[in-house]
Amino acid sequence: MSERYVSVALDVPLPRVFDYRLPDAWQVAVGQRVIVPFGRQVLSGIALALGDTAPDVATVRDVLDAPGDMPPLPGDVLDLCRFCADYYAYPLGAVLAAALPGAFRQPRPWPGHEEAGAYVAPDVARLLATISARAAKQRALAELLTQPRRVDAIRAVAGDAMRWLRDWQAVGLVERTRAPAVATEVAPSASPELNAEQRAAVMAVTEARGFQPLLLFGITGSGKTEVYLQAIEAVRRRGEQALVLVPEINLTPQLEARFRARFPGEHIVSLHSGLADGERVRHWLEAGDGRAGIVLGTRLAVFAPLPGLGLIVVDEEHDASYRQAEGFRYSARDAAVYRARLRDVPVLLGSATPALESWKNARDGRYRLLRLTQRAVSGARPPRMELVPTQRMRLTDGFSDAALGALRDTLASGGQALVFVNRRGYSPVLSCQDCGWMSSCRHCSARLVLHLGERKLRCHHCGHEERVPHACPDCGNHDLKPVGHGTQRVEAALEALFPDANLLRIDRDSTRRKGALGEMLRRVHAGEADLLIGTQMLAKGHDFPGLALVVVLNADGGLFSADFRAEERLFAQLLQVSGRAGRAGREGRVLIQTHYPEHPFYGALLAGDYAAFADTQLQERRALALPPFSAWAILRGEAKQLQPALAFLRETKALLAGGAVHVADPVPAALARKAGWERAHVVLSATGRAPLQAALRYLAQTLAETPPRGVRWALDVDPQEF
DNA sequence: AGCACGCCGACT
DNA sequence: GTCGGCGTGCTC
């Protein structure tokens, strides 16, 4: 018998696989997890190919273990990972590692393995014959094992049940088996009546045959979730699985509760990074054996094994959280579309402010556009948006008189109000009145934010903290003044202005503690807070039925940004914040303070016409050949000094000279210094995907083979921020 | 990425 | 005299 070999993808930053010898008679499948020696370490990897020709290398080592804790990755997950590795020019082993629960990246069998399986006695009569007639509990357990039973059911019989089970298993009287599928009774609670647009949308999804992306474009409150629910209901009636992606981990509990209420008896699992290791593995396995009918999760869930996949839903598809910002920089929304193609199923992308990429696809007819133009909740009206011009106005702690008046009226009439501030902390910078000194981070090219409560200056980019100086470090003057308004300063000002109001500040600082956000949202719903101060984390997904007024301080930040996507993001953000107001019958009011009331941006925003705004933006992007009319990638380089980083980028630019890809000149990054590293980048662009792809492959290969000295580099394909 | 081996500064 | 700094070299 000839030797057998296996190619293994490992989580190392090398764009190649490694071959190992398979010990005799071992059964290993493609997609299976194997434990292998690697240098002086032991690693977990994924078997990609099996063969009987010896690899052409000096030494071939043996596979150490092929634990059965993880069923082999199904073909479509492998293909999706291969696609991502290629598209994002990232090593396949690292992509596969990101696709797996952490426990399956460890080079040892998952300790909870025993727990997850089910057990059955193939011959109960034979088993009973070995048990004493007086051992009633043991006999009861044996009877139970006529069918596969999970560990929890077995434990329920007796405290010693697992020990008996192991004894029986050792002599072959009991076998470990696949967990039984839970009979899913799809008995949804009454579905609300849909309006005509919603019905049409649900129909479009349920009638879609094979791969079909659908863009569900609906304003806040137009009932997108109801469309998802009814489309999923249809999928479940066919016995297929639904995958639902949400942008943020904060939104999963809320959505999960709504799904559970709607589909009682349905097995719903969530997948996100907040789960404990064991739970994550359990949910992943339940998705993979088809037991979970609905899988709800953040971006990492797009890689979950789903044998019966029938529909993918991507909620708030424009949201930046779908992109991983570090390491393997992928877009889960794009991966979801590709996966739907692989599986030949529909994919439903929902948003009130679709990404321009998706909008263009819909305009080009590649995606089917489904519009929801009406608020689905009866009697609900869109909020009234007003601009408050502030260019020549005296402000009180950042507030115009109009905004303060509106807050006073709202509180007096018993309504809730939200003040939206785009920065946390007390003030974004501390400054010397005398010499102009400003608090800045010694590791980053960024200002240190004043956090008055903790008496700290803190860098929001690297986490560096220092004590607030009593005097100016440059000139010794004692007149240090906070400049600008963060959430804490706004909170302090409102406390003074509205002493009787119940204030609640909701930002990353006040919700750092586990469960804090949930508790705060509960208080808002219970009416225990009537004046909310929040950053954009409040804008997403949470319903505040009592909210009558939203005040937006300082909206202009995104209007004159060097980043061509800033306006698109600002529109989405402002529309999303205003969508929080007036959801339960009464008309909400939104006040936006701006220095530039004449800017065309605000015209489109006030008209609430995202379609018109998006079309205009697309025209501009077309004229300037910006994405989505061209394909972009960024090569980032960082070093201890700026010069080597720039030199590296110049050399790389020379490497690509003369090709179909345009390489811009190296420039320092917007945040040129971060955590002590000088950062720079070059933009690579091409009119088509294919030439960019080829250049990236060549770059990644070359840089991996001959890594630059002293320079860390990363490729960012379809970059979202600069 | 790890984890080694490999040559130069301040410490028991 | 050595403990340890991080440069560079390799991993089937």
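Computation of the quantities below employed the complete heavy-atom set of this structure, encompassing side-chain atoms and omitting hydrogens, waters and symmetry-equivalent molecules. Naming convention: chains lettered A, B, ... in sequence-line order (proteins, then strands); numbering from 1 in each chain.
Regarding contacts with the backbone of C:dC12, a side-chain N or O of A:Arg61 is found under 4.0 angstrom from either OP1 or OP2.
Atoms CG (A:Leu14) and P (B:dC3) sit 15 Å apart, rounded to a whole Å. With rounding to whole Å, A:Arg16 atom CZ is found 14 Å from B:dA1 atom P. Look at CG on A:Leu10: it is 14 Å from P on B:dC3, rounded to the nearest Å. Rounding to whole angstrom units, CZ of residue A:Arg712 and P of B:dG2 are separated by 14 Å. Atom CD of A:Gln106 is separated from atom P of B:dA1 by 18 Å (rounded to the nearest Å). One atom, NZ of A:Lys640, and another, P of C:dC6, lie 9 Å apart when rounded to the nearest Å. A:Leu43 places its CG atom 14 Å from the P atom of B:dA1, with the value rounded to the nearest Å. Atoms CG (A:Asp11) and C1' (C:dT11) sit 14 Å apart, rounded to a whole Å.
More than 12 heavy atoms of other shown residues, nucleotides or ligands fall within 6.0 angstrom of atom CZ in A:Arg512.
Note on A:Phe38: a base of the nucleic acid sits closer than 4.0 angstrom, heavy atoms only. Using a 4.0 Å heavy-atom distance criterion, A:Val60 is classed as a sugar-phosphate-only contact. Residue A:Pro13 is in base contact, counting any heavy-atom pair closer than 4.0 Å across all strands shown.
Remark: A:Asp509 engages A:Arg424 in a salt bridge, criterion side-chain N to carboxylate O under 4.0 Å. Taking a cutoff of 4.0 Å between a charged side-chain nitrogen and a carboxylate oxygen, A:Asp718 and A:Arg689 qualify as a salt bridge.
Aromatic ring orientation, A:Phe328 versus A:Tyr90: parallel (interplanar angle below 30°, classes split at 30° and 60°).
The listed nucleotides are C:dC12, B:dA4, C:dT8; the one nearest the side chain of A:Arg709 is C:dT8.
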